[in-house]
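Computed from a predicted model, the values in this text were never measured in an experiment. In what follows, chains are A, B, ... by sequence order, proteins preceding strands, each numbered from 1.
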There are 2 protein chains.
Amino acid sequence: MAFGGDHENDGHMHGEVNRRAKTRRPTMVDVAREAGVALRTVSRVVNDDATVGAELARRVHDAIAALGYRPDERARHLRLGVTGTLGAAVRQLSHVNPVLRAVERAARAADLMVLAASTEDDERLERRVVESMCRRRFDGIVLEPIGADHGYLLPELAAGLSLVAVDRPVLGLDVDCVISDNAAGIRAAYAHLAGYGHRRIAYVGDDERIFTAQERATAFRACAAEAGAALDGMVHTGPIERARIADAVATARGRGATAVITGNATISVEVVRALPDRDTAIVGFDDSELATLLRPDLTVVAQDDQAIGSTAIDLLRARIADHSRPVHRVTVPVELLARGSGEQPPPA
Amino acid sequence: MAFGGDHENDGHMHGEVNRRAKTRRPTMVDVAREAGVALRTVSRVVNDDATVGAELARRVHDAIAALGYRPDERARHLRLGVTGTLGAAVRQLSHVNPVLRAVERAARAADLMVLAASTEDDERLERRVVESMCRRRFDGIVLEPIGADHGYLLPELAAGLSLVAVDRPVLGLDVDCVISDNAAGIRAAYAHLAGYGHRRIAYVGDDERIFTAQERATAFRACAAEAGAALDGMVHTGPIERARIADAVATARGRGATAVITGNATISVEVVRALPDRDTAIVGFDDSELATLLRPDLTVVAQDDQAIGSTAIDLLRARIADHSRPVHRVTVPVELLARGSGEQPPPA
DNA sequence: CCGGGGTGAGATAACGTTATCCCGAAAGGT
DNA sequence: ACCTTTCGGGATAACGTTATCTCACCCCGG
């Protein structure tokens, strides 16, 4: 048995696939000849133009079916000047990315197709991807920008590219963007933990060269300063590595930390992994499916992915419609979801 | 200072974005006029044709820079007949999908751009996405097929579409595909648990209308039959709902199950959630980041995502090169990774 | 019976590239 | 000095659509 299980009854068998050898694909001209009508009439039929008579329309449809004609959008887009396509350049397609999902949804509602590609957190690859989308004349691009130097975007923007940045701004360039209110999220987390009596609160975050990581760490330091709390051994930022995070957690606890705020979902996982017992309170940044797998469930600062995605599409469509409109930078509120891990008081 | 710190120097400020009002984009003709050369010469320069003199090349480059000329791939693709683009139609872009990642990587190595879109597990949306990619004349499509009726693919294939299915075959259609050896994976899991003394082994899987779920459940039944084990209350398939899975786990344990094999990563999470204590052995299908978060770490049947992805691209490229070559259906081996949850014997 | 307006359909010119030819000039050989 | 070869570069025709005209035709009022 080759495949495990026999599936003869599964699908309606469609029979052999007829793979034509090397013959050119039929075009509108061929359809016109076959139907005995003018080229323009075929175009009219394909585009559901009402001004074509029923008899001719039928003949054209028959010819299309007989020849297996498939319209070519490349020519259509070239002629029209518009592609009806948005590009999404995100860090990793194959990672959890609720914002991308919302972007796809919102674009579909606006009858735009989203085609996405990964930038793999590599500046050069981001550039390749974005420039490629530009050359393809996508109507607009949703970008999750990485790195610092986005100078390559300048000529594209000047040439008419419509762009919106999500999650982070494009540093040094004045373009539309949608970001979460990172500072408010950290403040909410800090206040939440403080409200339960915590005085020594630690922060474990991502590499501060990353914009969001920098914003969140800065906000944390500001919270501590405002609360009059010392920062010695309480702030740990750097790359996401298990050993580093385990170390950070150990150090913080050694200095008397009774609660931890994390910088993102991945770090939350590692922090939970590194905590030997359950007596340290945690508030994680970013919601995730894992949050409710832990015990107690993880209290998180959740971003409003839906709002971010649909706002991004709104901004992009507005930019496409009016390329010289003023730049908008939208900050989307976040929400603290109390689930248990952030509501335990410090041990007496 | 290694990381962190001040970022004032990070982004070279690029100043104001010069958003041109409504002027037409410059084309090769404009560049040719500006440089005082023929259209064809500009094309040569853009395509790095060696037959163009240094002086003229410089003049053309200057003109390109002066006008801000950006080549239009739509016209290029139309003229060339190929797009250098592969489409990837997957169930959810924004979910963990290591195969897609491998596909992107392999395609990049072959100098092909991958543009991906979600089908959202919706047959109609899958059709819209695939047909859209066909009309855009993508050179090939990687499809994670859903549903049963893929008849709409027939005319596209006849018209010259190159397609490869991953994870599941296109039922009823004879097209290239790459799938994991699901049956072998289940057999390995079963033998592994049996080897540790388990006699009552349960299976909790996905809806059997899904191809992989059906294959895995079938293989499990075959294993049980071969081992002479009764199946009463041991096989639970259906939609992924927390309540259903909790129920399934409770039933199985009630019937004396000492070990559980799961149908995929999501189900593994729910099974772990539903197990009140740690005395039931588990082997999960699909590896995931969560696997090593649990205690004990989860023993899993891991798919070889890298192999699946690169094989898919290989098949697709071969199909593009020779459209009438014989169809290949590749089965990729899976690997059992023992991490602890599958090595505990039944309670005495 | 004729002219005018509406209407369905065809010829033709774009859209922005690349490929096929062809030509003019420079170089080299006798 | 002239013929041949080479080679850089220019005119022009595709690629497969859609948009702009134009035109033939029909219907109807005057």
Side-chain angles (χ1 to χ4, degrees), chain A residues 22-61 63-64 67-85 132 134-139 159-160, chain B residues 22-61 63-64 67-85 132 134-139 159-160:
Chain A
K22 198 58 190 177
T23 107
R24 197 177 54 82
R25 289 177 107 114
T27 84
M28 275 193 174
V29 184
D30 302 314
V31 174
R33 192 183 322 111
E34 172 86 8
V37 300
L39 170 59
R40 184 70 181 91
T41 304
V42 179
S43 172
R44 275 191 258 259
V45 171
V46 169
N47 292 44
D48 292 320
D49 191 322
T51 71
V52 66
E55 160 62 11
L56 280 197
R58 194 190 51 73
R59 262 164 54 199
V60 169
H61 278 126
I64 287 177
L67 297 179
Y69 165 74
R70 316 263 98 190
D72 186 331
E73 292 270 346
R74 292 173 299 188
R76 179 158 199 276
H77 293 332
L78 175 60
R79 178 65 235 238
L80 257 48
V82 169
T83 57
T85 311
S132 180
C134 287
R135 283 195 301 269
R136 280 165 217 274
R137 293 291 187 273
F138 284 2
D139 292 347
Chain B
K22 198 56 187 177
T23 110
R24 197 178 52 85
R25 288 178 108 113
T27 84
M28 275 194 175
V29 185
D30 302 315
V31 175
R33 193 183 322 110
E34 172 84 9
V37 300
L39 170 59
R40 185 68 181 90
T41 303
V42 178
S43 172
R44 276 190 256 259
V45 171
V46 169
N47 291 45
D48 291 320
D49 191 322
T51 71
V52 65
E55 160 62 13
L56 280 196
R58 194 190 52 73
R59 259 163 58 198
V60 169
H61 278 125
I64 288 178
L67 296 177
Y69 165 74
R70 315 265 97 192
D72 186 331
E73 292 271 348
R74 292 173 300 187
R76 179 158 201 275
H77 294 331
L78 176 60
R79 178 65 234 240
L80 256 47
V82 284
T83 55
T85 312
S132 181
C134 288
R135 283 194 302 269
R136 279 158 219 264
R137 293 292 188 272
F138 284 1
D139 292 346

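- Between B/R44 atom CZ and D/dG10 atom P the separation is 8 Å, expressed in whole Å.
- A salt bridge is absent between B/D72 and B/R25: the closest approach of a Lys/Arg side-chain nitrogen to an acidic carboxylate oxygen does not fall below 4.0 angstrom.
- Of the options B/R135, B/R137, B/R74, B/R136, a salt bridge (Lys or Arg N to Asp or Glu O under 4.0 Å) to A/E73 is made by B/R135 and by none of the others.
- With D/dG16, D/dT18, C/dT18 as the choices, the nucleotide that has an atom nearest any side-chain atom of A/L80 turns out to be D/dT18.
- Among the nucleotides C/dT18, D/dT18, D/dG10, the one closest to any side-chain atom of A/M28 is D/dT18.
- Proximity note for A/T27 (side chain, C-beta onward) versus C/dA11, D/dT17, D/dG10: the nearest is D/dT17.
- The base of C/dG16 lies outside donor-acceptor range of the side chain of B/R25, with no N or O pair under 3.5 Å.
- Out of D/dG10, D/dT17, C/dT18, the shortest distance to the side chain of A/L39 is found at D/dT17.
- The B/L56 side chain lies nearest to D/dG9 when the options are D/dT17, D/dG9, C/dT20.
- As rounded to whole Å, 22 Å separates atom P of D/dC15 from atom CZ of B/R135.
- In this structure, the nucleotide among C/dG16, C/dA9, D/dG9 sitting nearest to the side chain of A/L78 is C/dG16.
- Nearest to the side chain of A/S43, among D/dG10, D/dT18, D/dT17, sits D/dT18.
- Across all strands, A/V37 comes closer than 4.0 Å only to sugar-phosphate atoms, never to a base (heavy-atom distances).
- Contact annotation for B/R74: no contact, since no heavy-atom pair falls under 4.0 Å across all strands.
- Across all strands shown, B/R40 has heavy atoms under 4.0 Å from base atoms, whether or not it also approaches the sugar-phosphate.
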